[in-house]
Amino acid sequence: MKQQLQTLLATHVARMIDRGELPLAEPPAYVIEPPRNPEHGDLSTNLAMVLAKPCRKSPLELARTIVAALEVPDFVERIAVAPPGFINFTLKSGALLDVIADIVDADARYGETTQGAGSYVQIEFVSANPTGPLHVGHGRGAAYGSALTRLLRATGARVHAEYYVNDAGRQMDILALSVWLRYLQMHGMRVDLPDNAYRGEYIRDIAAALAARDGDRHLVMPALPDAGENDDAEARLDAAIAICRSSLGEERYRAVHAWACTSILDGIRDDLAAFGVEFDQWYSERSLSDTGRIAAALDRLRAHGHVYVKDGAQWFASSAFGDEKDRVVIRENGAATYFASDIAYHAEKFERGYTRVLDIWGADHHGYIPRVKAALAALGEDPARLEILLVQFAALYRGGERVQMSTRSGEFVTLRELLDEVGTDAARFFYIMRRSDQHLDFDLDLAKSQSQDNPVYYLQYAHARICSIFRQAGQVDDTQLRQGVAARARLVEKREQALAALLGRLPDVVASAARDREPHQLANYLREVAVEFHAYYNAHKILTPEPGLRAARLALCAAVRIVLANGLRLLGVSAPTEM
RNA sequence: GCGCUCGUAGCUCAGAUGGAUAGAGUACUGCCCUCCGAAGGCAGGGGUCACAGGUUCGAAUCCUGUCGAGCGCGCCA
């Protein structure tokens, strides 16, 4: 109905433009949406007010002119003009209830649209360094990216979800060193772990598993440097890595390195699977250099004249493309920087032919955006095709105090711990119910000990309650459900009309949440549906003795259940039939 | 210092490409199970939308400034 009104108004406006009644070449941007106050009708448009300025007429007068020339569709009860110039449509009550038939017909597919059809989207998220288990900070990006993937697919888009694995670089060397030192300790050697190495308990587990697999094959006396040799802790760490490499030899070092990496990656995969997050591809950073993609990307930049040498290093002239300064891509020691990998990775993404590339990053990386966009521009690509979505890290609170987290020190709450405590459903919903680009205070005590208060239970309860009603009602087969749908005109109560109107919004909400990259819009909407349903349930008896009314109400309940189930599924939250 | 993101009820947050009387959860108070699930419902108080200007029919929303908060500014990843 909304769409019919949209086309009606659109053709009307087009006609006015053709006749020269409007001093415009293109139709203006107006909206048609349900007004906040239901007393103003079922749908409302600001068309006249938007036209007022270019027409130099009063919006009220303009609205009257438009309405007078508008033919009233058969599903509209009346059209009213209200100050300062709204045009309000009140639908016939039967028309509002038609959505129940649509919902029951579409069933699991209700909420899907075609606005994203033909688009091919790549979405990269989480991409946490495999140097330790995922913690609760990563959970937010995981929940967000996963929900967004589902939302985009619901609009008909093809979506390729990807995890970029940082399996190269210094962090991984530190990890390998940390595992090796624990391994040595396990074999009775008296070696110390540097403070800035990875000290989490999981390092011991990996070392133990390495010992179980390889025995004492990596048992070599290291020559660790004295603490006093160098004042800089990071430099001492690099020296330790060098000693680790030379002590083990390249082959054994690679074995330890690979073991550490895959061990942690396996854990991350398991955690994400338990969290309901799936990827189509795990893209290895190491593969970029192995396949020569980094060199190729830098060659492309060089060919365009955007790379120069200074102080022995190679620089990309990113400041010519809006970045605040130029960036090193090849260090003086000949090693490529992380940024160089990222250039190659994004160049490769663009070559794959996506209509849209989405990166979901922690907000602390926001300063990184200009240089990546600059690189794409320098490569001759359109940076606007890359959309970088920032997720603020959740600030953790325990006992009213902020929890400081550090992967290296091993002091953090893992995603796995969170899932064990509150479950996947509560955790996912907790993350998604707020805008992801805003700071989030994650109260662990609340999430863990008082999980009853978590809003997700409110939604799931509504779903379970409906399922319970159907159990009470006995066998309601497809034929009976259709009879109830056919009898929907019996639903004359205000709450029934309001509920039906609300259910009709799901496709719009899904489309809007996908378009704005804001899954929380759907979470808020579902809460509204649950509120409306619980209120309805308390006000009116569903299972009345009167068969026709009872069937109609059951049909409405079935529609609510479908909306809740579909919406929750898009957020990655289960819809239990009983709790 | 520069840049990015913000500032809405006691607390945590919504507010749909600017719309009609700014909402919810929570907390507090009082009601509602002989009746389909009380993990629920109903009712109540609580606001100078940080502050000051500007844009226009209309601003929490857009622009400028001030104050305040978080984050970022490496040949780290």
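Note on naming: letters A, B, ... go to the chains in the order of the sequence lines (proteins, then strands), and numbering restarts at 1 for each one.
With a cut-off of 3.5 Å on both pairing distances, the Watson-Crick or G-U wobble partner of B:G30 is B:C42. Nucleotide B:G25: paired with B:C11 (Watson-Crick or G-U wobble, both distances less than 3.5 Å). When both distances must be under 3.5 Å, the Watson-Crick or G-U wobble mate of B:C71 is B:G3. When Watson-Crick and G-U wobble pairs are counted only if both distances are under 3.5 Å, B:U66 pairs with B:A50. B:G19 is paired with B:C57 under the criterion used here, namely a Watson-Crick or G-U wobble arrangement in which both key atom distances are under 3.5 Å.
A gap of 46 Å separates the P atoms of B:C67 and B:C42, to the nearest Å. Comparing B:G15 with B:C76, their P atoms sit 40 Å apart, to the nearest whole Å. Taking atom C1' in both B:G18 and B:A60, one finds a spacing of 11 Å when rounded to whole Å. B:C71 sits 38 Å from B:G45 when the C1' atoms are compared, rounded to a whole Å. Nucleotides B:U5 and B:G46, compared at atom P, are 36 Å apart to the nearest Å. Rounded to whole Å, the C1' atom of B:C4 lies 45 Å from the corresponding atom of B:G41. A distance of about 12 Å separates the P atoms of B:C33 and B:A38, rounded to the whole Å. The same atom, C1', is picked in B:C63 and in B:A22; the two are 22 Å apart, to the nearest Å.
The base of B:A20 sits within donor-acceptor range of the side chain of A:N88, with an N or O pair under 3.5 Å. In the interface, the side chain of A:T131 is not paired with the base of B:A77 through any donor and acceptor atom under 3.5 Å apart.
Atom CZ of A:R434 and atom P of B:A24 are 16 Å apart (whole Å). Distance A:Y338 OH to B:G74 P: 16 Å, rounded to the nearest Å. One atom, CZ of A:R527, and another, P of B:A24, lie 9 Å apart when rounded to the nearest Å. If you take NE2 of A:H257 and C1' of B:A77, they are 13 Å apart, rounded to a whole angstrom. Between A:I241 atom CD1 and B:C76 atom C1' the separation is 12 Å, expressed in whole Å. The separation between A:L298 atom CG and B:C75 atom C1' is 14 Å, rounded to whole Å. B:A24 atom P lies 11 Å from atom CD of A:E528, rounded to whole Å. Between the C1' atom of B:C75 and the CG atom of A:D238 lies a distance of 12 Å, rounded to the nearest Å.
The side chain of A:K325 lies closest to B:G74 when the candidates are B:G74, B:C35, B:A77. When distances run from any side-chain atom of A:R465 to the nucleotides B:G41, B:C75, B:A38, the shortest one goes to B:A38. Considering only the side chain of A:K541, B:C36 comes nearest among B:C13, B:C36, B:A77. Closest contact between the side chain of A:A313 and the listed nucleotides B:C75, B:A20, B:G40 involves B:C75.
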Protein-nucleotides 1-5 of chain B N/O pairs closer than 3.5 Å?
residue	atom	partner	partner atom	Å
B:G3	N2	A:H366	NE2	3.0

What does the list of N/O pairs under 3.5 Å between the protein and nucleotides 54-58 of chain B look like, with a distance for each?
residue	atom	partner	partner atom	Å
B:C57	N4	A:M49	O	3.3

Are there any protein N/O atoms within less than 3.5 Å of an N/O atom in nucleotides 15-18 of chain B, and if so, which ones and at what distance?
residue	atom	partner	partner atom	Å
B:G15	OP1	A:H520	NE2	2.9
B:G15	O2'	A:R36	NH2	3.4

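Ring orientation note: the planes of A:F321 and A:H306 are nearly perpendicular, at an angle over 60° on the 30°/60° scale. Using the six-membered ring where Trp is involved, A:W361 and A:H346 have ring planes that are perpendicular, over 60° apart on the 30 and 60° scheme.
Evaluation of the salt bridge (Lys or Arg N to Asp or Glu O under 4.0 Å) test over residues 367-376 of chain A, restricted to residues two or more places apart or in two chains, returns none.
The ring of A:Y345 has its center closer than 6.0 angstrom to the ring center of A:Y283.
Residue-level contact check: A:T544 touches neither bases nor backbone, having no heavy atom under 4.0 Å from any strand. Nucleic acid contact class of A:Y368 (heavy atoms, under 4.0 Å, all strands): base. Within the nucleic acid shown, A:H540 comes within 4.0 Å of at least one base atom, counting heavy atoms only. Looking at heavy-atom distances under 4.0 Å, A:A128 makes no contact with the nucleic acid at all. Looking at heavy-atom distances under 4.0 Å, A:A464 makes contact with a base. Nucleic acid contact class of A:D311 (heavy atoms, under 4.0 Å, all strands): base. Within the 4.0 angstrom heavy-atom criterion, base atoms lie near A:R471.
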Is there a side-chain contact (heavy atoms from CB on, under 4.5 Å) between A:L554 and A:V476? Walk through the geometry before answering.
CA-CA 9 Å; A:L554 278 172; A:V476 179; 4.2 Å; yes
Go through the steps for A:F89 and A:L5 under the test side-chain contact (heavy atoms from CB on, under 4.5 Å), then give the verdict.
CA-CA 9 Å; A:F89 302 88; A:L5 265 185; 3.8 Å; yes
Kindly determine whether A:Y198 and A:Q171 satisfy side chain to side chain donor-acceptor pair (under 3.5 Å), including the steps that lead there.
CA-CA 10 Å; A:Y198 293 108; A:Q171 297 303 320; 2.7 Å; yes
Decide side chain to side chain donor-acceptor pair (under 3.5 Å) for A:Y536 and A:E496; before the verdict, give the C-alpha distance in whole Å, the side-chain angles of both, and the deciding distance to 0.1 Å.
CA-CA 7 Å; A:Y536 172 54; A:E496 290 168 333; 2.6 Å; yes
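Listed here is the closest heavy atom pair of A:L564 and A:L526: CD2-O, 4.1 Å. Listed here is the closest heavy atom pair of A:A558 and A:L481: CB-CD1, 3.8 Å.
Salt bridge status for A:D326 with A:K310: absent, with no side-chain N to carboxylate O gap under 4.0 Å.
Every residue two or more places apart in sequence or in another chain was checked for a salt bridge (charged side-chain N to carboxylate O under 4.0 Å, His left out) with A:D167, and none qualifies. Listed by chain and number, the residues in a salt bridge (charged side-chain N to carboxylate O under 4.0 Å, His left out) with A:R490 are A:E546 (sequence neighbours excluded).
Toward the 5′ end of RNA chain B lies the nearest nucleotide of A:Y461, the other residue of the pair A:G169 and A:Y461 mapping further downstream. The 5' end of RNA chain B is approached more closely, in terms of each residue's nearest nucleotide, by A:T45 than by the other of A:T45 and A:W315.
In A:R471, the CZ atom is crowded: over 12 heavy atoms of neighbouring residues, nucleotides or ligands sit closer than 6.0 Å.
The side chain to side chain donor-acceptor pair (under 3.5 Å) with A:R435 is formed by just one residue from the set A:Q392, A:E518, A:H520; it is A:E518.
The aromatic ring of A:F86 sits over the base of B:A20, with ring centres less than 5.5 Å apart and planes tilted by under 30°. Applying the 5.5 angstrom centroid cut-off and the 30 degree plane-angle cut-off, the aromatic ring of A:H534 is not stacked upon the base of B:A38.
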